[in-house]
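These notes are about the structure you will find just below.
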Amino acid sequence: MLRTVIIAALCIDLEHIGRLWLSDPDALVFNYGMAFSTFQDYPVLSAWLSALACVMLLAVFAFADLNNGECIGYSIMLGGALSNCAEKLILGYVIDWIPMPFIPLTINIADIEVSLGALIAFLNFMA
């Protein structure tokens, strides 16, 4: 459990430190919705769904028998989800700051962590 907390905390820190050091203030995008700007017109629903996702990830840790790889993957996902959820609840939006060069999309490190964590958990499922 301590490993999960440490990994999740590092992921939260990575998002905020990265944005402070690496972002271009003129390129910041305030995303009131969720992934790919879905629910953009419903910021309260978006915040509730983000909180629900965090609760569901915590339930996985409480009730699932995870192997080492799954635990690491879910921990990374939890860190990214908590980072985005905290921003939504505190600010009302998530700050996206990494422009994708070939598609009209801007993301943040927390989005990458959620995707990477899901991939790691999937690849280690039943391993």
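Predicted model only: the values in this text are computed from it and were never measured.
Of all non-hydrogen atoms in E15 and I109, the two that sit nearest each other are OE1-N, 2.6 Å. Nearest heavy atom pair, residue A110 against residue N84, reads CB-OD1, 3.5 Å. Minimum interatomic distance between G80 and V114 (heavy atoms only, all atoms of both residues): C-CG2, 3.8 Å. Annotation for I112 and I98: closest pair CD1-CD1, 4.2 Å, computed over non-hydrogen atoms. Taking both residues in full, the closest heavy atoms of E87 and I95 are given as OE1-N, 2.9 Å, listed atom of the first, atom of the second, then distance. Heavy atoms only, all atoms of each residue included: A27 and T106 are closest at O-CG2, 4.4 Å.
Side chains of S75 and R3 form no contact here, defined as non-hydrogen atoms less than 4.5 Å apart. Between L20 and H16, the closest side-chain pair of non-hydrogen atoms is not below 4.5 Å. Counting heavy atoms from C-beta on, the side chains of F125 and N67 never come closer than 4.5 Å. At least one side-chain heavy atom of L22 sits under 4.5 Å from a side-chain heavy atom of W97. M34 is not listed as a side-chain neighbour of Q40, based on a closest heavy-atom distance of 4.5 Å or more. Put simply, the side chain of S46 does not reach to within 4.5 Å of the side chain of Y93, judged on heavy atoms. Within the 4.5 Å cutoff, side-chain heavy atoms of C71 are placed close to those of T4. Residues I76 and I72 form a side-chain contact, since some pair of their non-hydrogen atoms from C-beta on lies under 4.5 Å apart.
By the neighbour-count criterion of 12 heavy atoms within 6.0 Å, atom CE of M100 is densely surrounded, having more than that number from other residues, nucleotides or ligands. Atom CZ of F39 sits in a sparse spot, with 12 or fewer heavy atoms from other residues, nucleotides or ligands closer than 6.0 Å. Y42 OH: 12 or fewer foreign heavy atoms inside a 6.0 Å radius.
Summarising the geometry, atom CG belonging to L58 is positioned 10.5 Å from atom CZ belonging to F63; distances are rounded to the nearest 0.5 Å.
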### Task
Tell me, with the steps shown, if N124 and N68 meet side chain to side chain donor-acceptor pair (under 3.5 Å).
CA-CA 8 Å; N124 286 281; N68 193 39; over 6 Å; no

### Message
Please evaluate residues M56 and V60 with respect to the criterion side-chain contact (heavy atoms from CB on, under 4.5 Å), reporting the C-alpha separation (whole Å), side-chain torsions for both, the decisive distance (0.1 Å), and the verdict.
### Response
CA-CA 6 Å; M56 291 173 65; V60 167; 5.9 Å; no

